[in-house]
Amino acid sequence: MGQWQVSTETLVACRFAFAPLVETVATLGILAEIRPEPWRRAWLATHRPAFQQHLATAPHLDDWLRDRRAAHWPTEFRLPPPDPDAAPHGLDLTGLDLSPALAELLDWTWQHVVHPEWPARLRTLRADATARRRLADHHGWPAALPSLGPRHRWLSTGRLQLTVAAEPADAELLFVPTSARHGWIAQDATRVAVIYPVSAAPVPTPRTPPASLGRLLGSARAELLAGLDRPRDTVQLATLTGLSPAAVGDHLTILLDARLVSHARSGAAGRYYRTALAEALLSAQPG
């Protein structure tokens, strides 16, 4: 392992990529999570019974999953960086050194879980990338992507330092959003892909605020308040609502002044959450 300090030119030329293979591995990790994040429970209740039924037909795979942490799977799968120019619409396992059983499990996860949700997932991932690109244009990349994973570090100079298998020469830098709980790095001779978690449910569930709340606060602020079912930052809220990060910030300022949301620092970024007053207001609405 070595340290790669990404040049300013490489960072400026970076691109986002969207990969069905990355998202399928991420989904497999979520399905096998022993202690899932609370906001994923509704989604898991829909998909986990079929997943467990499938694993019952291959107990050795169940053992393989239990013996490994999902954060370590990408290393064992040895995933390649995605091709940013390829159409992200199908699972391609070509060239992966996987056992037939693991390849079949990935194919099952894609066919039965990811593929039916792929249009919604892709919209979410693209919205996240768009919001982060806008944030980078206004505030720089360290503000846009503060939490890429354990193998990166933003230096005081604004340079990005990555822990890579070997320092690349003239490699293209890719950012790959995913619903995984943990990020990782994929590398080949020409590309280094930083796969980062978007910290959202695999497919956002509808967050329709009560009509009465919309009339009181305005539809955008009511939707933001309904979306704060857990702490989120401005990029995540922009992804969920379709608003621009700037518009989200303006609405949050009003909600902060009204004591309906509060703000907590989390590393380089801040997260917002509903106050007790907001919870009481939401629960009091007739619908």
Side-chain angles (χ1 to χ4, degrees), residues 17-83 86-126 128 149-151 165 176-188 193 195-206 230:
F18 311 97
L21 177 57
V22 168
E23 193 62 13
T24 300
V25 171
T27 300
L28 183 57
I30 295 166
L31 287 168
E33 189 89 51
I34 296 175
R35 297 180 181 86
E37 294 161 305
W39 49 88
R40 301 191 194 268
R41 288 173 182 163
W43 181 88
L44 285 169
T46 300
H47 295 290
R48 187 172 269 176
F51 176 69
Q52 292 175 332
Q53 185 177 4
H54 181 71
L55 283 183
T57 66
H60 60 290
L61 282 178
D62 193 16
D63 293 339
W64 189 93
L65 295 174
R66 291 180 183 277
D67 289 343
R68 290 162 175 82
R69 294 177 57 191
H72 299 158
W73 291 358
T75 302
E76 298 207 28
F77 283 133
R78 295 186 291 277
L79 299 183
D83 181 354
H89 298 305
L91 183 69
D92 184 6
L93 301 178
T94 305
L96 290 184
D97 184 18
L98 298 175
S99 68
L102 277 178
E104 191 278 333
L105 181 59
L106 282 176
D107 184 69
W108 184 93
T109 305
W110 166 256
Q111 295 293 342
H112 291 82
V113 183
V114 181
H115 183 256
E117 300 174 347
W118 183 243
R121 286 175 180 256
L122 189 56
R123 284 194 299 271
T124 297
L125 299 176
R126 281 178 167 158
D128 182 271
R151 296 172 64 189
V176 184
T178 176
S179 62
R181 191 170 186 172
H182 306 280
W184 69 89
I185 291 176
Q187 180 180 0
D188 63 14
I195 294 102
Y196 69 91
V198 298
S199 300
V203 176
T205 54
R230 67 180 179 89

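From a predicted model like this one, the values you see are computed outputs, not experimental measurements.
Residues Leu122 and Pro88 meet the side-chain proximity criterion, which asks for heavy atoms closer than 4.5 Å. In this structure, Val198 and Thr178 have side chains that are not in contact, with every pair of non-hydrogen atoms separated by 4.5 Å or more. Inter-residue side-chain proximity for Glu23 and Glu117 is flagged as unmet; no heavy-atom pair is nearer than 4.5 Å. At least one side-chain heavy atom of Pro177 sits less than 4.5 Å from a side-chain heavy atom of Phe18. Side-chain atoms of Ile185 and Ile195, non-hydrogen and from C-beta on, never get closer than 4.5 Å to each other. Residues Thr27 and Arg121 have side chains in contact (heavy-atom distance under 4.5 Å, counting atoms from C-beta outward).
Between Pro49 and Leu44, the shortest heavy-atom contact is CD-O, 3.8 Å.
For Arg123, there are no salt bridge (Lys or Arg N to Asp or Glu O under 4.0 Å) partners at least two apart in sequence or on another chain. Residues satisfying the ring pair (Phe, Tyr, Trp, His ring centres under 6.0 Å) criterion with Phe51, sequence neighbours excluded, are absent altogether. Residues passing the ring pair (Phe, Tyr, Trp, His ring centres under 6.0 Å) test with Trp110 are His115, Trp118, sequence neighbours excluded. Every residue meeting the side-chain hydrogen bond (donor to acceptor under 3.5 Å, both in side chains) condition with Arg181, not counting sequence neighbours, appears here in chain and number order: Glu33. When the salt bridge (Lys or Arg N to Asp or Glu O under 4.0 Å) test is applied to Asp107, no partner is found at least two apart in sequence or on another chain. Partners of His112 by side chain to side chain contact (heavy atoms under 4.5 Å, CB included), not counting sequence neighbours, listed by chain and number: Trp108.
The salt bridge (charged side-chain N to carboxylate O under 4.0 Å, His left out) pairs that include a residue from residues 45-55 number zero, where partners must be two or more places apart or lie in different chains.
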Pair up each side-chain donor or acceptor in residues 94-105 with any protein partner under 3.5 Å, not counting sequence neighbours, and list the distances.
| residue | atom | partner | partner atom | Å |
| --- | --- | --- | --- | --- |
| Thr94 | OG1 | Asp92 | OD1 | 2.6 |
| Asp97 | OD2 | Arg78 | NH2 | 3.2 |
| Ser99 | OG | Leu102 | N | 3.2 |
| Glu104 | OE1 | His54 | NE2 | 3.3 |

> Can you list the steps and then say if Tyr196 with Val176 is a side-chain contact (heavy atoms from CB on, under 4.5 Å)?
Replying inline: CA-CA 6 Å; Tyr196 69 91; Val176 184; 5.8 Å; no
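Taking CG of Leu91 as the start and OG1 of Thr24 as the end, the distance is 4.5 Å to the nearest 0.5 Å. Once rounded to the nearest 0.5 Å, the distance linking CH2 of Trp43 with CD1 of Ile30 reads 5.5 Å.
Judged purely by atom type and a 3.5 angstrom limit, Thr124 uses its side chain to pair as donor or acceptor with the backbone of Ala120.
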